Amino acid sequence: MEISMPPPQIYVEKTLAIIKPDIVDKEEEIRDTILRSGFTIVQRRKLHLSPEQCSNFYVEQYGKMFFPNLTAYMSSGPLVAMILARHKAISYWLELLGPNNSLVAKETHPDSLRAIYGTDDLRNALHGSSDFAAAEREIRFMFPEVIVEPIPIGQAAKDYLNLYVMPTLLEGLTELCKQKPADPLEWKSRAEA
């Protein structure tokens, strides 16, 4: 009797990363560190948030003593928001960031990004989502058009394939069969132009 094993599943997790206003000029070297650490940058955008937008983004911090300073700091200039992806992206990104307080990070995690780029507990250089729910909410805030969650295996995946993927594939393959080009890749590139 032969036992068939299902193929291994690899879950790619996404998290939000923000390069805060005071270190936007270090984006290139931070991006290099991100990529060397095994992350893929799925999307990136540079934007300047208003104090109101910052208040909405950090709504969970509302009422804390540092909240006004935080929203003033985060709205003080442009920032760079990125969606990072990799296996266990949230925990690996938080590990790379180090402790929230940059002064603590300098003592306990001197190679962390916050130790290198941060200056104190407020100006800690970078942001990372604390957990999956926060990542989902924060990515939707910064990238409202993006699909965050993976499509679960089952009926939802079948529906997605039947509604969106299959018609597109069918149309493309039908046209390919009608045309019968000598070089399908060249034909495809001309069709996309």
Side-chain angles (χ1 to χ4, degrees), residues 11-150:
Y11 297 98
V12 176
E13 191 173 79
K14 294 177 186 147
T15 191
L16 182 75
I18 296 177
I19 300 174
K20 295 183 179 181
D22 54 333
I23 64 153
V24 167
D25 61 327
K26 305 287 186 188
E27 178 187 357
E28 191 173 322
E29 60 192 67
I30 292 168
R31 188 191 70 232
D32 290 344
T33 301
I34 289 168
L35 296 174
R36 279 195 320 270
S37 299
F39 290 95
T40 297
I41 300 172
V42 176
Q43 261 186 293
R44 174 212 170 273
R45 70 186 285 212
K46 191 172 191 174
L47 64 159
H48 193 146
L49 297 177
S50 68
E52 182 182 28
Q53 288 171 314
C54 291
S55 294
N56 291 335
F57 182 77
Y58 286 107
V59 70
E60 294 171 351
Q61 307 296 333
Y62 185 78
K64 296 186 178 173
M65 292 289 290
F66 61 84
F67 186 77
N69 291 335
L70 176 64
T71 56
Y73 164 51
M74 291 300 291
S75 62
S76 67
L79 53 83
V80 175
M82 294 174 283
I83 301 173
L84 305 182
R86 70 165 280 172
H87 180 64
K88 296 186 178 182
I90 296 167
S91 61
Y92 281 120
W93 179 238
L94 291 175
E95 185 179 322
L96 191 59
L97 288 178
N100 281 331
N101 186 325
S102 296
L103 301 175
V104 172
K106 289 175 191 304
E107 288 184 27
T108 62
H109 297 77
D111 295 329
S112 69
L113 292 174
R114 286 180 174 146
I116 296 166
Y117 298 106
T119 55
D120 56 37
D121 60 337
L122 178 66
R123 296 181 183 276
N124 62 1
L126 296 126
H127 170 84
S129 304
S130 59
D131 55 39
F132 185 79
E136 201 172 270
R137 181 186 68 77
E138 293 171 356
I139 289 171
R140 285 185 203 285
F141 185 93
M142 293 292 181
F143 300 90
E145 73 289 351
V146 79
I147 296 173
V148 178
E149 62 282 336

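For this chain, numbers begin at 1 and follow the sequence in order. In this text, all values refer to a predicted model and were calculated from it rather than measured experimentally.
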Do [X] side-chain atoms and [Y] backbone N/O form a donor-acceptor pair below 3.5 Å?
X: Trp93; Y: His127; result: yes
X: Glu138; Y: Ala135; result: no
X: Arg86; Y: Ser37; result: yes
X: Asn124; Y: Asn100; result: yes
X: Ser112; Y: Ala115; result: yes

For the residue pair Glu29 and Tyr117, confirm or rule out a side-chain donor-acceptor distance under 3.5 Å. yes
Hey, mind stepping through Leu113 and Thr33 against side chain to side chain contact (heavy atoms under 4.5 Å, CB included) and telling me if it holds? CA-CA 9 Å; Leu113 292 174; Thr33 301; 4.0 Å; yes
May I have all residue pairs that pass salt bridge (Lys or Arg N to Asp or Glu O under 4.0 Å) and include part of [range], sequence neighbours excluded?
range: residues 105-117; result: none
range: residues 38-52; result: Glu27-Arg44
range: residues 66-83; result: none
range: residues 61-72; result: none

As a quick check of understanding, evaluate side chain to side chain contact (heavy atoms under 4.5 Å, CB included) for Phe143 and Val42, giving each step before the final call. CA-CA 11 Å; Phe143 300 90; Val42 176; over 6 Å; no
Tell me the closest heavy-atom pair linking [X] and [Y], and the distance in Å.
X: Leu49; Y: Ser75; value: O-CB, 3.2 Å
X: Pro99; Y: Thr108; value: CG-OG1, 3.7 Å
X: Thr71; Y: Pro51; value: CB-O, 4.3 Å
X: Thr15; Y: Ile139; value: C-CD1, 3.9 Å
X: Leu70; Y: Leu122; value: CA-CD1, 3.7 Å
X: Val24; Y: Val80; value: CG1-CG2, 4.2 Å

May I have the step-by-step check of side chain to side chain contact (heavy atoms under 4.5 Å, CB included) for Met142 and Ile18, ending in yes or no? CA-CA 10 Å; Met142 293 292 181; Ile18 296 177; 3.7 Å; yes
Please confirm whether the ring centroid of His87 lies under 6.0 Å from the ring centroid of Phe39.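 That pair fails the under 6.0 Å test.
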Answer whether the closest heavy-atom distance between the side chains of [X] and [Y] falls below 4.5 Å.
X: Glu60; Y: Arg137; answer: yes
X: Lys14; Y: Ile83; answer: yes
X: Lys20; Y: Leu126; answer: no

So, using side-chain hydrogen bond (donor to acceptor under 3.5 Å, both in side chains) as the criterion, who are the partners of Glu95 when residues are at least two apart? none
Using 0.5 Å steps for rounding, measure from the CG atom of Asp120 to the CG atom of Asn101.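 Answer for the CG-CG pair, Asp120 versus Asn101, is 7.5 Å.
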Full working for side chain to side chain contact (heavy atoms under 4.5 Å, CB included) between Leu84 and Thr40: CA-CA 6 Å; Leu84 305 182; Thr40 297; over 6 Å; no
Excluding sequence neighbours, so at least two apart, what forms ring-ring contact (aromatic ring centres under 6.0 Å, His included) with Phe67? Tyr62
